Amino acid sequence: MILLRLIFLILIFFTLNATVNAKEQLIEESNYTAQDLIDASKKVETLFNLKEHDYDKDIGDEINQVCAGCHEEFGMGGKDGKYPRIAGLPIKYILKQIILFRERKRPNIPMLQHVEERELPNDELLDIAIFLNKIKLNNHLSKIDETAPDFDAYARLQEAKSIIQIGKTEGDIKKGKKLYKKECKSCHGKQGNGDEEEAIPRVAGQYIKYLWRQIDMFINGKRLHDIEDPEEEFLKSFTHEELKNILAYISTLDD
Amino acid sequence: MIKVEQDFIYKIQSVINEEKMLNKKLLTSFSAITLLSLLPLSYLIADDASLVQEKCGICHGDDGNSLTGNVPSIAGFTAASLSDFLDEYKEGDRKAKKYTPKGGKESDMHEVANNLSEEDGLKIFFFLSKQKFKPIKQDFDNKYAKKGKKLHKKKCEKCHSENGSSVEDDTPKLAGQWKPYLEKQFNLFSAGERDMPKKMKKRFKKLSKDDRKALIEFYISQQ
């Protein structure tokens, strides 16, 4: 019996080791090039016809049951940024990321099982992208009279669940504001809400730890930041202090 | 019977007439009160205009449209961008140059920025943002302007949208701006004496002297 248990334990150990190695290997091997990003953008334009698509809210809701497992019911993510907020992201941005996951260009093991085309056909992908895009999250609960005769408790519960409030992180907010306005605002927007047209994601209302992880990936060439300047990642030219200040400012943008 | 009805009609008519008279009186007195109450408001509007005239007008023009080539027109810029530009001077991020306007005393933007209260600043930025930018009528080189148009579309349009005339992203007006001012700023950028966002610096550095001339001709050609 003890022997059996021992063998069992050893097997588990090896499996875990293998997954960790696989993850590192995937990140190591991701040979992300500018052309890959261009191709993904092209695919988004050609594979999906946003204008003529008949959006099915129910399909979106149904698929979201799977996403909610990690990203929560209203797409606000969790575990302090281990799972990013996906509510309200630009439609084309969501589509592009799923394609990049599919093609193993953007390293992300947990997402792999959910993005294969047989699992998530393109029509349904468009539905979930639109569904997520439409979710509005608030940063605080609205003031209403809970004793009023027409008080809807269920609606109130749903409202209470659709809240995300990014806490202030350490850093010089004033310096961060200056830097943000100079270097980031032109793409990520004055309020950090991104750009729907240009498929630029929001940075306000996103977990700071998640943003740090992405910055690391951009700097290490594991993920591409800007298609216009693929060769040189301009985030590399910031000091750690400057990045910290910028993120401290960003953490106040959703207030 | 007929007389009773006639009396009745006569009474109603007189009541209606009285009401009409009353309405007329009410209308006149009401409109008089409204106009009188607007008088202090006109002082307010006049107040902002005279504030701008006092603090900025002698160089930038009373409505923000500059009459001299060395000073940029700032009419129609977004209030946020005007505030940011002034902050850059105030905090020393942008070097101020001494300048003596016609009929005025020597000063520079650093001094102006430091002598402006926050309250006045807000009024001024808001006022100027509501003014119409008048593109300057200047001679330009068509051949260079055409080259500049292509360059702008490729390298600058992303932020300086609508051929450099949009202020939407808190960008300054390039289209229709004074040529001497544009030339001066381009020189400052090239010499590294004026700061730029990293993404702009990357593109600007690659411009040849000819490229820069082309861009300027393109901007001033938009009149």
Side-chain angles (χ1 to χ4, degrees), chain A residues 34 37-38 41 90 92-93 172-204 215 218-219 224-243 245-247 249-250 252-253, chain B residues 77-95 110 113 118 121 125-126 129 150-174 185 188-189 192-207:
Chain A
L37 196 54
I38 295 173
S41 298
K92 288 192 184 166
Y93 176 76
D172 188 329
I173 294 174
K174 196 163 171 223
K175 283 189 188 160
K177 180 173 181 179
K178 232 188 194 176
L179 278 166
Y180 180 85
K181 277 171 121 169
K182 189 171 154 204
E183 313 286 359
C184 323
K185 178 184 89 168
S186 59
C187 289
H188 286 283
K190 211 190 265 189
Q191 304 300 323
N193 292 330
D195 190 318
E196 183 71 43
E197 285 280 315
E198 299 287 325
I200 296 173
R202 59 166 55 242
V203 289
I215 292 174
F218 290 137
I219 291 179
L224 245 150
H225 191 178
D226 187 0
I227 191 63
E228 305 249 329
D229 296 314
E231 304 310 312
E232 202 185 290
E233 174 48 61
F234 96 123
L235 284 175
K236 282 190 203 162
S237 58
F238 291 92
T239 65
H240 183 85
E241 191 73 26
E242 287 174 326
L243 290 171
N245 292 339
I246 293 174
L247 286 172
Y249 173 66
I250 287 176
T252 68
L253 277 175
Chain B
F77 282 35
T78 61
S81 69
L82 290 168
S83 170
D84 287 341
F85 284 132
L86 220 63
D87 275 342
E88 276 178 43
Y89 280 120
K90 194 173 187 177
E91 290 164 24
D93 293 329
R94 186 170 167 184
K95 261 186 284 189
H110 180 77
E118 200 175 319
F125 305 146
F126 188 71
S129 70
K150 285 196 202 129
L151 265 169
H152 173 90
K153 194 162 181 202
K154 189 168 171 210
K155 299 201 176 216
C156 324
E157 176 70 23
K158 188 157 188 218
C159 293
H160 293 281
S161 40
E162 288 174 39
N163 294 318
S165 66
S166 168
V167 293
E168 221 179 76
D169 294 316
D170 292 340
T171 43
K173 283 265 190 197
L174 300 172
Q185 298 310 304
L188 288 174
F189 285 135
E193 285 176 36
R194 183 177 162 184
D195 208 10
M196 299 178 264
K198 290 181 204 255
K199 288 194 178 246
M200 178 173 160
K201 197 179 206 170
K202 193 174 180 191
R203 289 166 170 81
F204 198 91
K205 266 166 121 178
K206 292 189 190 149
L207 296 171

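Here the structure is a predicted model, which is why all the values come from computation and not from measurement. Residue numbers start from 1 in every chain, and the chains themselves are labelled A, B, ... in the order their sequence lines are given, proteins ahead of strands.
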Q. Is the shortest side-chain N to carboxylate O distance from B/D170 to A/K181 below 4.0 Å?
A. no

Heavy-atom nearest pair, B/D93 first then A/K178, reads OD2-NZ, 2.6 Å

Q.
For A/F238, does the six-membered ring have the charged nitrogen or CZ of B/K198 within the cation-pi criterion, i.e. under 6.0 angstrom from the centroid and within 45° of the normal?
A. yes

Among B/M196, B/K158, B/K199, the residue with the most heavy-atom pairs under 4.5 Å to chain A is B/K199

- Counting only heavy atoms not in A/K175, do more than 12 sit closer than 6.0 Å to its NZ atom? no

Rounding to 0.5 Å, atoms CE (B/M200) and OG (A/S186) come to a distance of 11.5 Å

A/K177 NZ: over 12 foreign heavy atoms closer than 6.0 Å:
no

Heaviest contributor of heavy-atom pairs below 4.5 Å to chain A, chosen from B/D169, B/T171, B/D195, is B/D195

**Prompt:** Is B/K201 atom NZ crowded by more than 12 heavy atoms from other residues, nucleotides or ligands, each under 6.0 Å away?
**Reply:** no

Honestly, the part of B/E91 sitting under 4.5 Å from a heavy atom of chain A is side chain

Honestly, the part of B/D87 sitting under 4.5 Å from a heavy atom of chain A is neither

If you draw a 6.0 Å radius around NZ in B/K155, do more than 12 non-hydrogen atoms from other residues or ligands fall strictly inside? yes

